[in-house]
Trainee: 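Structure provided below as structure tokens; questions to follow.
Owing to the predicted nature of the structure, the values given are computational and were not obtained by experimental measurement.
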Amino acid sequence: AVKLFFLLERLELKIENFEDTLKKYTQTFCKVDLHYRRFVTFADKSGLTDLFGELEKKVEQFYVNRFLTRLNEQWQEKIEKHKWESESFDNQQTFFEKRVRPILQKNNKVFVVISDALRYECAVELKEMILREDRFQAELEAMLGVLPSYTQLGMAALLPNKKLDMDNKAEKVLVDGQSSLGLDGRRKILQKTIGKKATAMHLKDFMKLNQEKGRILTRDHEVIYLYHD
């Protein structure tokens with residue numbers, strides 16, 4: 001709570017335009033969301049409702065009134081005057097071509113872990129946790145998400161694609177005319193581009209594999225998409 005209050009007092013919550021908003025959120029504003037989430041999480045885990053009850057109300061009011069409301073009002077004004085495109089951030093639907101294919105072209109294998117509704121500030125914290133292990137390298141780059149922002153369209157945008165559409169009933173997202181619904185649909189789209197060297201599965205099923213089955217899966221595939229809820 002102290003970090004959150006201190007951060008908000010120091011921040012200049014002013015955005016100049018669409019591009020400025022994206023840059024400031026990924027560089028600074030996301031830290032407010034991070035500290036707010038941490039406070040709420042630890043307060044709930046403590047079980048000390050009587051002790052933290054009033055403080056939680058004050059933090060909530062401070063967060064909503066001093067941060068969300070002020071930024072949302074400015075953001076609404078900016079997006080009404082700007083196309084949903086960025087000069088600094090790649091579009092989400094270019095993910096495969098910009099992030100996955102270059103790795104494949106170097107004859108490396110790729111695991112793509114897709115975690116539904118993972119907030120950007122959570123990714124920031126995850127990166128910090130990985131780097132603290134001092135055994136791995138980690139980089140974080142934001143992309144401009146697709147609109148409307150909902151799971152099925154976002155999942156489809158991460159697959160190799162040239163065109164995204166909806167079917168006539170607006171129930172399925174089509175990737176180059178092919179349904180992207182479910183694991184089977186996503187697997188077929190991957191294999192249409194890469195062949196049998198690509199697959200998709202739920203992360204929970206991948207985690208159940210023993211060492212030998214995991215080794216065989218990795219040996220036989222160049223791209224493995226893992227979906228996590």
Trainee: Hey, are D33 and Y25 close enough side-chain-wise for a donor-acceptor pair under 3.5 Å?
Mentor: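 Yes - a donor-acceptor pair under 3.5 Å links their side chains.
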
Trainee: Do the ring planes of H82 and F18 sit parallel (below 30°), tilted (30 to 60°) or perpendicular (above 60°)?
Mentor: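 Geometry flag for F18 against H82: parallel rings.
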
Trainee: Give a yes or no on whether a salt bridge exists between R37 and E125, defined as a side-chain N under 4.0 angstrom from a carboxylate O.
Mentor: yes

Trainee: Would you call R99-D90 a salt bridge at under 4.0 Å N-O?
Mentor: yes

Trainee: Between K57 and E60, does any NZ, NE, NH1 or NH2 come within less than 4.0 Å of an OD or OE carboxylate oxygen?
Mentor: no

Trainee: Please test F206 against F111 for ring-ring contact (aromatic ring centres under 6.0 Å, His included), starting from the C-alpha separation and ending with a verdict.
Mentor: CA-CA 11 Å; F206 175 77; F111 281 83; 5.7 Å; yes

Trainee: Got more than 12 heavy atoms from elsewhere within 6.0 Å of NZ, K23?
Mentor: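 Open: at most 12 neighbouring heavy atoms sit under 6.0 Å from NZ of K23.
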
Trainee: Within 45 degrees of the axis of the six-membered ring of F96 and under 6.0 Å from its centre: does R101 put its NZ or CZ there?
Mentor: no

Trainee: I'd like to know whether CD of E80 has more than 12 heavy-atom contacts from other residues, nucleotides or ligands below 6.0 angstrom.
Mentor: yes

Trainee: Does E87 have more than 12 heavy atoms from other residues, nucleotides or ligands lying within 6.0 Å of its CD?
Mentor: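 Atom CD in E87 is not crowded, with 12 or fewer foreign heavy atoms closer than 6.0 Å.
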
Trainee: Can you tell me if NZ on K204 sees more than 12 non-hydrogen neighbours from other groups inside 6.0 Å?
Mentor: no

Trainee: Is K58 salt-bridged to E54, going by a charged N under 4.0 Å from an acidic O?
Mentor: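 E54 and K58: not salt-bridged.
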
Trainee: Does a donor on one side chain and an acceptor on the other come within less than 3.5 Å for S86 and E19?
Mentor: yes

Trainee: What's the spacing between Y63 OH and R66 CZ if we round to 0.5 Å?
Mentor: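 Atom-to-atom, Y63:OH and R66:CZ are 14.5 Å apart.
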
Trainee: Going through the checks in order, is the salt bridge (Lys or Arg N to Asp or Glu O under 4.0 Å) test met by E121 and R119?
Mentor: CA-CA 5 Å; E121 51 88 8; R119 296 181 356 159; 2.7 Å; yes

Trainee: K163 side chain to G177 main-chain N or O, any donor-acceptor pair under 3.5 Å?
Mentor: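 Not at all, since once roles are kept as given, no pair shorter than 3.5 Å links the two residues.
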
Trainee: Looking at K188 and D184, is any side-chain nitrogen of the basic one under 4.0 Å from a carboxylate oxygen of the acidic one?
Mentor: yes

